[in-house]
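Reading through the structure tokens given below for one structure.
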Amino acid sequence: MEEFLHIAGHVLEHSVADTLYIIPFLFVTYLAMEWLEHKTGGRAQAAIQRAGAAGPVVGAVVGAVPQCGFSAAAATLWAGRVITLGTLFAVFLSTSDEMLPIFLAEQVPLDVIVKIIGAKIVIGMVMGFIVDAALRIARRIDAPLHIHELCEHDHCHCHDGEGGILKSAVKHTLQVTVFIFVITIVLNAVLEVVGEDVLAEFLAANPALSVFGSALVGLVPNCAASVVIAQLYVEGVLGSGAMLAGLLVSAGVGLLVLVRTNRRPRENVAIIVGLYATGVVWGLVANALGIVF
């Protein structure tokens, strides 16, 4: 019983910590979306769409900020069709979750860290432009979707009565935060029982398939994924290609927010599959070219 309480307390502590820092990103994002919807009307939306072509550049740069706050914000913005799908890909691919803290703690040379972050930013930009260009060619540009449609999906009635944009932003933030918290508890409980060592053994057991395995582990929407991948790279268990593949897809809770806010399962599956394929392809390219960071 004592051991169970210890594990439960540890899981709860980590789940709270993993969720708390996402709240400001979500709240500011929803507040901005509400303001655009209520105060500026079609003029702001038209301006954002005109600027959308440069979105992957901005997305790749801000996504490189440590942890996954911006990936969560980007998922919300794409669900409201404020940003393009290419911009979402750019943010997800450049996000490294816990990579930087691990590298700094392990005293990885600064030039190596800069090269890895730079590669992720460039790949994020390139893939973002490719995704947007492909959608334009296929004439599948994201249709405008207003914040009130997200409200209708959630049945939150946050536009009824008083409170305005602040009330709506708070309600959406709480709904998404509760969802993330519950899923994070489940993931942390599984990882606590199974152990991160199992992930490490899975990646180390098949060096020839390490790129595919690392990208698969990277899809786990929990900071443990990027921690394990970064640690194994530092220890020399994973090569540059496998490390790059795993960290490219480590969007953290951004994937959870995507599933929660975008109520189109087929689109979500397509994005996750596309993210995995992108990580694998670039990891294999790095191996084929003999790239060493």
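Nearest heavy-atom pair across T261 and A79 is OG1-CB, 3.4 Å. Taking each heavy atom of S250 and I229 in turn, the nearest pair found is OG-CD1, 4.2 Å. In plain terms, the two heavy atoms of G59 and T87 that are nearest each other are CA-CG2, 4.2 Å. Nearest approach of A286 to G241, heavy atoms of both residues: CB-CA, 4.0 Å. Here the closest heavy-atom approach between residue S94 and residue A60 is recorded as OG-O, 2.9 Å. Taking all atoms of both residues into account, the shortest heavy-atom contact from A75 to G254 is CB-O, 3.5 Å.
Atom CG of L238 sits about 11.0 Å away from atom CD of Q231, to the nearest 0.5 Å. From I183, atom CD1 reaches atom CG of L256 across 6.5 Å, with rounding to the nearest 0.5 Å. For the atom pair F179 CZ and L174 CG, the distance stands at 15.5 Å (nearest 0.5 Å). For the atom pair F129 CZ and R136 CZ, the distance stands at 9.0 Å (nearest 0.5 Å). Atom-to-atom distance recorded for I113:CD1 and S96:OG is 11.0 Å, nearest 0.5 angstrom. For the atom pair CG of L258 and CZ of R264, the computed distance is 11.5 Å after rounding to the nearest 0.5 Å.
Transitive grouping of hydrophobic side chains (ILVMFWY, heavy atoms separated by less than 4.5 Å) keeps L219 and V91 in distinct clusters. One hydrophobic cluster holds both I130 and W282 under the rule that ILVMFWY side chains link at heavy-atom gaps under 4.5 Å. In the hydrophobic clustering of this structure, L88 does not group with V28; members are Ile, Leu, Val, Met, Phe, Trp, Tyr whose side-chain heavy atoms approach within less than 4.5 Å, directly or through other members. The cluster map of Ile, Leu, Val, Met, Phe, Trp and Tyr, joined by side-chain heavy atoms under 4.5 Å apart, puts M99 and L216 in the same cluster. Both V122 and V285 are assigned to one and the same hydrophobic cluster, defined by single-linkage of ILVMFWY side chains at heavy-atom distances under 4.5 Å.
One N or O on the side chain of S214 and one on the backbone of A242 form a donor-acceptor pair closer than 3.5 Å.
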Criterion side-chain contact (heavy atoms from CB on, under 4.5 Å) on E235 and E106, from CA distance to verdict: CA-CA 10 Å; E235 295 172 0; E106 296 291 340; over 6 Å; no
Decide yes or no on side-chain contact (heavy atoms from CB on, under 4.5 Å) for W78 and L85, but give the supporting numbers first. CA-CA 7 Å; W78 183 74; L85 182 59; 3.7 Å; yes
Please determine whether side-chain contact (heavy atoms from CB on, under 4.5 Å) holds for the pair D111 and F293, giving the CA-CA distance in whole Å, both sets of side-chain angles, and the decisive distance to 0.1 Å. CA-CA 9 Å; D111 63 321; F293 293 100; over 6 Å; no
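Residues V61 and M125 form a side-chain contact, since some pair of their non-hydrogen atoms from C-beta on lies under 4.5 Å apart. Side-chain atoms of L20 and T177, non-hydrogen and from C-beta on, never get closer than 4.5 Å to each other. I102 places none of its side-chain heavy atoms less than 4.5 Å from the side chain of Y233. For the pair F89 and I271, the minimum side-chain heavy-atom distance is below 4.5 Å. Put simply, the side chain of L166 reaches to within 4.5 Å of the side chain of F27, judged on heavy atoms. Looking only at side-chain heavy atoms (C-beta outward), S226 and L247 come within less than 4.5 Å of each other. The shortest side-chain heavy-atom distance between L12 and F181 falls under the 4.5 Å cut-off. Side chains of N262 and V257 form no contact here, defined as non-hydrogen atoms less than 4.5 Å apart.
Paired with F103 under the rule side chain to side chain contact (heavy atoms under 4.5 Å, CB included), one option of I116, L110, I117, V112 passes, and it is I116. Residue K120 is tested with L93, L248, T95 for a side chain to side chain contact (heavy atoms under 4.5 Å, CB included); the sole match is L248. Among L284, I123, N287, I291, the one residue that satisfies the side chain to side chain contact (heavy atoms under 4.5 Å, CB included) test with L244 is I123.
Every residue meeting the side-chain hydrogen bond (donor to acceptor under 3.5 Å, both in side chains) condition with S15, not counting sequence neighbours, appears here in chain and number order: N188.
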